[in-house]
Amino acid sequence: IAISSANGIRAVTKAVELIRFGADALDAVVAGVNIIEDDPNDMTVGYGGFPNEDGVVELDAAVMHGPTHRAGAVASIRNIKNPSKVAKLVMERSDHVLIVGEGALRFAKAHGFIEENLLTDRARAEWLKWKENLSTKDDWLPSHTADDKDIGGILAPYHRNTGTIHCSAIDLKGNISCVTTTSGLAYKIPGRVGDSPIIGAGLYCDNEVGAAGSTGRGEANLVNCSSVMIVEYMRQGKSPEQACL
Ligand code: ASP
């Protein structure tokens with residue numbers, strides 16, 4: 001069984017396919033979300049994700065493995081398309097749980113990951129629109145004609161996009177694992193880390209109980225560590241829905 005956020009239909013399909021062939025739940029969910037990370041049309045995850053306020057894509061991701069209760073994560077990593085794979089390597093090939101920024105990039109490169117530009121033209125155009133519409137008190141202007149007298153009046157309300165993918169699965173051995181990966185809050189302050197790479201907030205699993213993960217406004221989750229709370233409420237006997245609520 002695999003479950004994900006709404007943007008993960010292809011991820012759960014892939015995960016279940018691999019699990020049917022005997023894959024470990026963690027390998028299955030990571031392979032599933034890699035499809036979404038690679039997809040430039042999902043502008044909330046991986047390649048093509050919305051950039052930070054400087055127009056630079058910074059990604060967060062984490063994995064958790066039920067049978068060993070180990071976890072790995074990267075935050076604010078630039079130029080690497082599949083942060084979920086790097087998070088898994090942090091778990092498997094380091095004695096740390098979370099590596100951020102420049103250190104995360106160097107760790108990824110040490111493991112053979114290639115740096116690439118993650119900013120697509122579509123994401124850059126959306127970022128530029130946001131920047132141009134942000135304020136009438138700076139020098140960035142949205143496109144307009146010479147007849148437009150009141151630039152402030154024509155500023156369209158800009159939209160702060162959110163989105164992420166979480167995927168949890170249980171494999172044929174009954175083992176549970178999960179992954180969360182995201183480009184985070186669109187136009188965030190550079191270096192901002194959301195809930196997604198924080199174990200207990202953006203995701204959590206306990207092999208005896210279940211798993212949970214999140215999307216949405218990360219700051220709200222960071223102060224509540226909702227994923228670990230959900231798993232603990234389920235341990236106490238609440239249904240998944242009641243535990244989430
Ligand atoms: N939870 C993510 C974050 O705050 C963003 C999202 O899911 O929309 O970084």
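For ligands, and for the atoms within them, numbers begin at 1 and follow the listed sequence.
- Ligand 1 has no nitrogen or oxygen under 3.5 angstrom from a nitrogen or oxygen of R217.
- When each atom of ligand 1 is checked for a heavy atom of L185 under 4.0 Å away, the hits are 9 (O).
- Between D60 and ligand 1, no pair of N/O atoms sits closer than 3.5 Å.
- For R192, every heavy-atom contact with ligand 1 shorter than 4.0 Å involves the side chain, none the backbone.
- When only modelled atom types and interatomic distance are considered, D60 and T181 share no side-chain donor-acceptor pair under 3.5 Å.
- Taking the six-membered ring where the residue is Trp, Y187 and W130 present parallel rings, their angle staying beneath 30° rather than reaching 60°.
- Salt-bridge check for K129 with E132: failed, with every basic side-chain N at 4.0 Å or more from each acidic carboxylate O.
- Taking the charged nitrogens against the carboxylate oxygens, R192 and E219 do have a contact shorter than 4.0 Å, which makes a salt bridge.
- With hydrogens and angles left out, the side-chain atoms of D38 and N82 include a donor and acceptor closer than 3.5 Å.
- Set against the non-hydrogen atoms of T215, the atoms of ligand 1 under 4.0 Å away are 7 (O).
- A salt bridge does not link R217 with D195: every distance from a Lys NZ or Arg NE/NH1/NH2 to an Asp or Glu carboxylate oxygen is 4.0 Å or more.
- In the vicinity of G184, heavy-atom distances shorter than 4.0 Å reach the ligand 1 atoms 9 (O).
- At least one N/O-N/O distance between G218 and ligand 1 falls below 3.5 Å.
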